[in-house]
Amino acid sequence: MTESTRPAPLYITMHEHDNVAIVANDGGLPAGTVFASGLKLIDKVPQGHKVALVDLAAGAPVLRYNVAIGRAVRAIPAGSWVHERLLDMPEARSLEGLPIATVKRAPLPPLEGYTFEGYRNADGSVGTRNILAITTTVQCVAGVLDFAVKRIKNELLPKYPNVDDVVGLEHTYGCGVAIEAPGAEIPIRTLRNISLNPNFGGEVMVVSLGCEKLQPERLLPPGSIAIVDERSVADVGASEGAGLDVVCLQDEAHVGFMSMIDAIMSTAQEHLERLNGRRRETVPASELVVGVQCGGSDAFSGVTANPAVGFCSDLLVRAGATVMFSEVTEVRDGIDQLTSRAANPEVAEAMIREMAWYDAYLQRGRVDRSANTTPGNKKGGLSNIVEKAMGSIVKSGSAPISGVLSPGQKLRDRGIERGLAYAATPASDFICGTLQLAAGINLHVFTTGRGTPYGLAQVPVIKVATRSDLARRWHDLMDVNAGQIADGAATIEDIGWELFRLMLEVASGRKKTWTEHWKLHNSLVLFNPAPVT
Ligand code: CA
């Protein structure tokens with residue numbers, strides 16, 4: 001680029017009280033650069049990294065999002081690069097004496113008239129895809145199931161054009177675990193609730209080994225599958241609904257490997273028949289259940305993509321939909337913001353309980369929430385977990401928080417069928433995604449700044465890039481470019497609406513996301529805080 005076409009030097013401030021801002025320009029800016037405000041850079045500052053807007057005394061709070069993300073370890077003159085080595089990180093906010101449900105705001109105005117085409121389920125939930133999922137009780141069966149799923153896709157699926165896919169729900173749990181230990185209920189209920197995700201139409205089948213600790217009846221006890229309404233009983237015949245549909249590999253009836261494969265295929269065929277009979281119908285946007293998550297974050301995550309997701313989250317709440325945010329270590333430093341936004345004291349108490357549980361869990365491993373930030377986060381300008389958390393929380397928008405889930409719990413079981421919910425999960429992308437699947441999402445939104453090819457086989461994942469440079473390089477992996485906000489080409493509201501409209505298209509099956517197009521599917525990773533034997 002010539003001098004005349006190069007964009008003007010630009011920094012972005014998040015709040016009028018902030019004493020640092022981040023450099024917006026691709027490639028960063030050299031020392032000597034003068035901004036329109038008259039501020040002159042003393043150091044070279046990489047893109048997304050912080051510049052001191054004023055002279056900071058040693059020990060002074062460094063403010064971003066109007067929150068102290070640390071204290072200056074020495075005097076920092078205006079125009080300096082404020083990198084992580086210049087910041088002393090504050091202690092985590094105490095869980096005592098937090099503001100409880102103090103924010104009273106007028107309800108957001110309803111947003112009416114938006115619909116999508118979805119698959120209604122007998123339990124009242126709505127799917128955005130029509131997928132046969134095959135549940136497993138134990139990792140031992142994964143190879144056999146993979147073999148069977150390949151054959152089902154090649155030989156059976158073409159005969160059932162209304163079925164989108166066949167997915168084996170494989171995982172590393174099931175045996176070699178202390179199944180009675182405190183915490184073991186988390187992976188078990190996660191797996192149970194994933195099997196009941198709205199995108200699977202209530203068609204549950206299980207492949208088990210036979211000798212494993214996690215027996216099929218323990219995974220899916222009688223009554224857990226509330227799927228069979230009168231219409232499907234008529235369709236299915238009397239045998240269905242009576243018990244669990246299990247193919248057990250150690251069953252003495254099996255002689256030879258092909259006997260196992262044939263059994264899985266013939267059971268799958270019965271479920272495919274029923275799934276194939278389903279049709280999309282017009283449903284209100286309130287049937288969306290959206291999980292939002294960020295991964296591979298940079299300093300732009302909290303400036304472009306996450307605020308746009310937050311705006312969209314408010315649109316979803318206004319439309320009567322359910323939206324869920326997660327990632328305990330990425331909200332821990334903003335817990336006062338969240339307890340104050342709780343719809344009632346019970347929700348705030350539940351939030352505090354989840355934070356305390358997670359603090360203790362991390363302490364057992366002799367770490368704290370600061371173990372969260374990655375080398376990539378720091379390279380992208382995020383100095384520490386406080387700064388990362390402030391940018392992460394904005395995904396939740398401004399609605400009151402109306403419910404809290406413990407890891408692996410399902411929204412509908414907790415009576416949450418509307419509004420903004422918080423699901424306590426690790427921030428690890430694939431563990432968070434796995435737990436959000438269990439919560440019952442039918443759509444997933446994932447923001448990234450450094451770039452990750454993350455995707456799920458079970459629900460569509462809409463990927464939002466925080467920077468135009470990433471959106472340009474990963475043009476066939478990113479669905480939305482929120483980097484336009486930093487470029488000045490779009491507003492937070494523009495991108496929020498773009499995302500909302502895209503959600504309805506994707507939910508209706510009219511549009512595929514890039515990860516669906518390329519079939520980029522991460523493994524299910526169950527959160528197991530209990531011992532392994
Ligand atoms: Ca994450």
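Not measured: the values here are computed from a predicted model. Just so you know, ligand 1 is whichever comes first in the structure, and atom 1 is the first atom listed for that ligand. Each residue takes its place number in the sequence, starting with 1.
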Heavy-atom donor-acceptor pair, Asn121 side chain to Gly124 backbone, under 3.5 Å
no
Could you pull out the N/O/S protein atoms under 3.0 Å of the Ca ion (ligand 1), ignoring any water?
Cys294 O, Glu327 OE2, Ala427 O, Asp429 OD1
With side chain to side chain donor-acceptor pair (under 3.5 Å) as the criterion, how do Ser301 and Asn306 come out once you've worked through the C-alpha distance, each side chain's angles and the decisive distance to 0.1 Å?
CA-CA 6 Å; Ser301 299; Asn306 292 350; 4.9 Å; no
Partners passing salt bridge (Lys or Arg N to Asp or Glu O under 4.0 Å) against Arg192 (at least two apart in sequence or in another chain):
none
Who are the salt bridge (Lys or Arg N to Asp or Glu O under 4.0 Å) partners of Arg412, not counting sequence neighbours?
Glu417
In terms of ring plane angle, is the pair Phe527 and Tyr361 parallel, tilted or perpendicular, where the classes change at 30° and 60°?
perpendicular
Which pairs pass side-chain hydrogen bond (donor to acceptor under 3.5 Å, both in side chains) with one or both residues in residues 429-444, sequence neighbours excluded?
Gln293-His444, Ser326-Gln436, Gln436-His444, His444-Tyr454
